[in-house]
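Written below as structure tokens is the structure these notes are about.
Here the structure is a predicted model, which is why all the values come from computation and not from measurement. Atoms within each ligand, like the ligands themselves, are counted from 1 in listed order.
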Amino acid sequence: MVSLVANGCTDDPPTQSTPTVSAQATSPRPTTPSTTPKPVRLPDDAPSLSDVIPAPATTRAADDDNFALTNQTAISAPGDAEAAGEYLADVLRPATGFPLPVVSESDRADTIRLVLRDDGDPQDESYRLEVARDGVTLSAANPSGLFNGVHTLRQLLPADIERGKTVDREWALAGGVIEDEPRFGYRGAMLDVARHFFGVDVVKRYIDRLAQYKINYLHLHLADDQGWRVEIDGWPRLTEVGARNEVGGGKGGFYTKQQYREIVAYAQSRGVTIVPEIDMPGHTNAALTSYAKLNCDGTAPPPYTDTKVGFSSLCIDKKVTYDFARDVITQVAEMTPGPYLHIGGDEANSTKEADYRTFFDKVLPMVVDAGKRPIGWHEFAKANVPRSGVVQYWRIEAKDGPTQRAADGGRRVLMSPANKTYLDMKYEESNPWGNSWAGAVDVRTAYEWDPTQALAGVGDGEVLGVEAPLWTELVTKEDEIERMTFPRMQAIAEVGWSNSTEWADFRTRLSGQAERMTAQDIAFHRSPDVPWP
Ligand code: TNX
């Protein structure tokens, strides 16, 4: 990485000979009077600090301290700040057309500085963003905090910043300070690539779209009755046979190991962690159809392309079942740097209760041995979930004994109640598309709930966060993914991040996202409960 010190590579007048500042300094802006820029006029369409979604914890506007982004602006991002700096440059370059070099140090005034404080607690996702006319400083304890600050900075620029091609105009950010931190550490979305398969590019775009609202986990549902979607060494028929189907009889597909790693790395470059799910012991017809030996009767069932659930089960008494589970878990864990591996466990209606426990007694230790914290749909709370395990609650009832007991015993709970978070549900009863078993989930419903109040015995200390799953029995194309996800995802993102719950305020801020989503070509649903422009 280059450095832009003492006018190293521009023909602007040199700044006063400010000594080169160390990367770890907290506020390294040169402020000699002769170099302080003139006040910057804010374009009429520039958002204010309080327009951001999810709502920041605190904002303090400084009207005379706007920052102009110009073709001279540099991004300084030393050391471990570099990935967030590169991401910021990626976001800002297309529409501005500015070079925005990412450098290790710069003493120029018009610099956006990403600074890592060296007191970094790895769990600390907070950030401080200070916008002033003589520079922008974003500081955080670790890279995830910097990514959060970058997502905020992006939303402070006019919606034109989201156009994929150069817009010839003035760019400026409203002055002031934002100090911000999340309510929950896990703010997730899930994409079911098993019922319908979606390729690498679609998943990457989904990651981009989610990340801007500070969604930091993407859970991929990689195997179900209708399809197996990731390559596993030693089990070639999973992808030769098990991947060649989807709901409705389409051709399906799968990720090679290299493609899966590419998704993981791409997510990481946006501050998003992938959570892979291999659903067991039910929802396994695709594996059972690939290998006759995985079936108790040694006969492979035909492929399944309908949408019923609960009819398949791995064979609990066969040794090969556990050879299979270990290979899959070990290889998926090896390809996934994040802390979690999701093991499914839902709707195992064809597995006897005792068998279900036997299965997880053998399989959950494999997840732990592979270095991961197991997540399971809340049915798995009936099994012996290790203390590191996470129970993902998906039903609509406000009480669940096993989940409550798991939480009492120290496990964290991930909240995905279907009547608040399920992105496969209709928004309004009248929608021609979408499921409805959990009722319609309009934007207000997705917004007005408290994850620490939704389930008896699962409060502040127990809730890990929130996740919005998109099951894809009825979702076949990318624009349908977008329509089901946005703008409910912004509501869930704010539930996960912010402490604010003012619907009237949220719907106004959300309406301000229309232009941004349009500029990004997101086919969002124009929910009637939002006053769109
Ligand atoms: C229930 S939610 C399921 C999925 C379906 C979904 C449809 C859960 C853990 N299991 O298999 O796709 O309903 O809404």
Side-chain angles (χ1 to χ4, degrees), residues 188-198 217 219-229 245-248 252 275-288 304-314 340-351 356 360 374-383 385 389-397 400 402-403 406 413-427 429 431 433-441 445-446 454-455 466-476 480-481 483-485 488-489 492:
M190 186 207 84
L191 183 63
D192 171 7
V193 295
R195 269 55 177 274
H196 281 99
F197 179 68
F198 300 96
Y217 286 93
H219 164 182
L220 292 174
H221 184 74
L222 291 166
D224 210 304
D225 292 318
Q226 297 86 346
W228 185 279
R229 305 302 180 203
N245 279 290
E246 59 185 8
V247 167
V275 178
E277 179 188 353
I278 304 292
D279 202 345
M280 299 179 188
H283 289 277
T284 43
N285 192 75
L288 297 169
Y304 186 73
T305 58
D306 205 342
T307 61
K308 294 192 186 67
V309 298
F311 60 88
S312 56
S313 178
L314 291 173
Y340 301 111
L341 193 150
H342 202 305
I343 197 70
D346 58 317
E347 300 171 322
N349 307 338
S350 302
T351 317
Y356 184 90
F360 277 116
I375 307 187
W377 300 108
H378 68 264
E379 289 97 318
F380 101 141
K382 292 179 294 192
V385 178
V390 173
V391 180
Q392 182 167 15
Y393 186 69
W394 62 273
R395 290 289 315 173
I396 61 181
E397 295 77 15
D400 182 68
T403 303
V413 178
L414 179 57
M415 292 299 291
S416 298
N419 54 346
K420 306 290 179 191
T421 68
Y422 266 33
L423 302 174
D424 60 317
M425 295 299 140
K426 293 170 183 285
Y427 284 82
E429 296 290 356
N431 295 160
W433 22 262
N435 281 323
S436 51
W437 66 261
V441 179
T445 301
L455 191 57
V466 292
E467 183 179 289
L470 179 55
W471 299 102
T472 60
E473 289 96 330
L474 305 177
V475 175
T476 60
E480 294 167 355
I481 293 179
R483 177 174 65 194
M484 300 310 275
T485 303
R488 283 186 287 208
M489 198 69 230
I492 298 297

- Do N419 and T445 come close enough that some side-chain heavy atom pair is under 4.5 Å? no

- Please determine if R488 forms a cation-pi arrangement with Y427, meaning its NZ or CZ atom is less than 6.0 Å from the six-membered ring centre and no more than 45° off the ring axis. yes

Protein heavy atom at shortest distance from [atom]:
atom	answer
atom 2 (S) of ligand 1	Y422 OH, 2.5 Å
atom 14 (O) of ligand 1	D424 OD2, 2.5 Å
atom 5 (C) of ligand 1	E473 OE2, 3.3 Å
atom 10 (N) of ligand 1	D346 OD2, 3.0 Å
atom 11 (O) of ligand 1	R195 NH2, 2.9 Å

[X]: numbered ligand 1 atoms lying under 4.0 Å from its heavy atoms:
X	answer
W377	9 (C)
N435	7 (C), 14 (O)
E347	1 (C), 3 (C), 4 (C), 10 (N), 11 (O)
H283	11 (O)

- Looking just at side-chain N and O atoms, do T351 and S313 make a donor-acceptor pair shorter than 3.5 Å?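 T351 vs S313: donor-acceptor pair found between side chains.
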
- Taking atom types as modelled, find out whether E347 and W394 have a side-chain donor-acceptor pair closer than 3.5 angstrom.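 The answer is no; no qualifying pair exists.
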
Using the ring of each side chain (for Trp, its six-membered ring), is [X] parallel, tilted or perpendicular to [Y], with breaks at 30° and 60°?
X	Y	answer
Y356	F360	perpendicular
H283	H221	perpendicular
F311	Y304	tilted

- Query: Applying a strict 4.0 Å limit to heavy atoms, is M425 in contact with ligand 1?
  - Reply: yes

